[in-house]
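All remarks here apply to the structure that follows.
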Amino acid sequence: MVRKYFVQQLGLLLMVSVVIILTNVIGYKMPVGDSIIGVLLLSAISLVGLTISNFMSRFVKLPSMMYVSLLGLLLSCPVSPVKDIVVETTTPVAFLAPATALGAFAGISLGKDLKEFAKMGWKLVLITLFVITGTFIFSALVADVVLKITGAI
């Protein structure tokens with residue numbers, strides 16, 4: 001059971017890793033070698049976190065993201081003996097690189113269910129459009145403010 005889950009997650013992480021490496025190299029002009037090493041380390045951390053989550057789900061139902069994030073945090077915290085390796089290896093990876101691919105996947109997912117979504121009524125469609133628009137606008141505003149404060153733009 002754990003082996004099947006591990007192999008499934010490994011396959012998914014490899015596909016995602018290829019997309020991240022490609023977008024990192026093409027979009028952000030990062031060196032291929034650095035991108036591959038950084039993404040593989042992040043994928044390994046994710047795979048271990050997902051496996052821990054699968055094992056722990058028998059006892060406590062918590063989101064997998066919590067285990068992955070906690071593991072990454074522990075490996076990169078100042079008291080970790082491997083923090084220098086983790087930070088140095090993952091620094092060249094642009095975390096916004098897969099955003100375009102993620103947006104495309106979300107668009108495809110929304111597009112295939114659009115007819116079912118429209119059947120729920122025009123009011124729900126209108127509310128959803130307002131929520132998505134508001135979320136986008138306020139996310140862009142927050143990002144703009146933070147980038148200006150940090151001097152990035």
Side-chain angles (χ1 to χ4, degrees), residues 1-114 116-117 128 131-153:
M1 170 101 171
V2 173
R3 175 179 268 172
K4 182 180 178 184
Y5 178 82
F6 184 85
V7 170
Q8 286 176 336
Q9 296 304 317
L10 180 63
L12 289 171
L13 282 170
L14 285 175
M15 288 188 291
V16 169
S17 295
V18 169
V19 171
I20 292 173
I21 290 168
L22 286 174
T23 55
N24 205 26
V25 170
I26 294 169
Y28 289 86
K29 309 291 189 252
M30 298 291 180
V32 177
D34 293 345
S35 295
I36 291 173
I37 293 169
V39 170
L40 288 179
L41 178 60
L42 291 170
S43 294
I45 291 170
S46 299
L47 187 60
V48 171
L50 288 169
T51 305
I52 292 170
S53 172
N54 187 36
F55 174 74
M56 292 299 292
S57 67
R58 298 176 190 154
F59 310 107
V60 180
K61 297 280 186 193
L62 294 172
S64 300
M65 189 66 188
M66 189 196 83
Y67 293 104
V68 174
S69 298
L70 187 60
L71 182 61
L73 180 69
L74 291 174
L75 290 175
S76 62
C77 75
V79 295
S80 173
V82 295
K83 79 165 170 62
D84 292 331
I85 295 168
V86 171
V87 171
E88 184 178 312
T89 305
T90 57
T91 298
V93 178
F95 286 98
L96 287 177
T100 304
L102 181 64
F105 291 138
I108 291 169
S109 175
L110 181 63
K112 74 177 183 69
D113 297 327
L114 202 54
E116 292 295 319
F117 181 65
T128 303
V131 169
I132 291 171
T133 303
T135 303
F136 174 77
I137 289 171
F138 285 110
S139 296
L141 287 173
V142 169
D144 188 55
V145 169
V146 170
L147 289 172
K148 284 182 180 176
I149 290 172
T150 60
I153 57 171

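Just so it is clear, the values below take in all heavy atoms, side chains as well, and ignore hydrogens, waters and symmetry mates. Worth saying up front: this structure is predicted, and the values here are computed from it rather than measured.
Within a 6.0 Å radius of CG in Leu147, more than 12 heavy atoms belonging to other residues, nucleotides or ligands are found. Within 6.0 Å of CE on Met65 lie no more than 12 heavy atoms contributed by other residues, nucleotides or ligands.
Val39 places none of its side-chain heavy atoms less than 4.5 Å from the side chain of Val18. Side chains of Leu12 and Met15 form a contact here, defined as non-hydrogen atoms less than 4.5 Å apart.
A distance of 9.5 Å separates CG in Leu141 from CZ in Phe136, rounded to the nearest 0.5 Å. The line from CG of Asn24 to OG of Ser17 is 11.5 Å long, rounded to the nearest 0.5 Å. Rounded to the nearest 0.5 Å, atoms CD (Glu88) and NZ (Lys83) are 11.0 Å apart. Here Leu70 contributes atom CG and Ile45 contributes atom CD1; the two are 12.0 Å apart, rounded to the nearest 0.5 Å. Distance check, rounded to the nearest 0.5 Å: CG of Leu13 to CD1 of Ile20 gives 8.5 Å. The structure places CG of Leu42 at 9.0 Å from OG1 of Thr89, a figure rounded to the nearest 0.5 Å.
Considering all non-hydrogen atoms of both residues, Leu47 and Thr51 come closest at O-OG1, 2.8 Å. For the residue pair Leu75 and Ser80, the shortest heavy atom distance occurs at O-OG, 3.0 Å. Between Val68 and Ser46, the shortest heavy-atom contact is CG2-O, 3.7 Å. Closest heavy-atom contact between Val60 and Tyr67: O-OH, 4.3 Å.
One N or O on the side chain of Ser57 and one on the backbone of Asn54 form a donor-acceptor pair closer than 3.5 Å. Looking at Ser53, its side chain never comes within 3.5 Å of a backbone N or O of Gly49 through a donor-acceptor pair.
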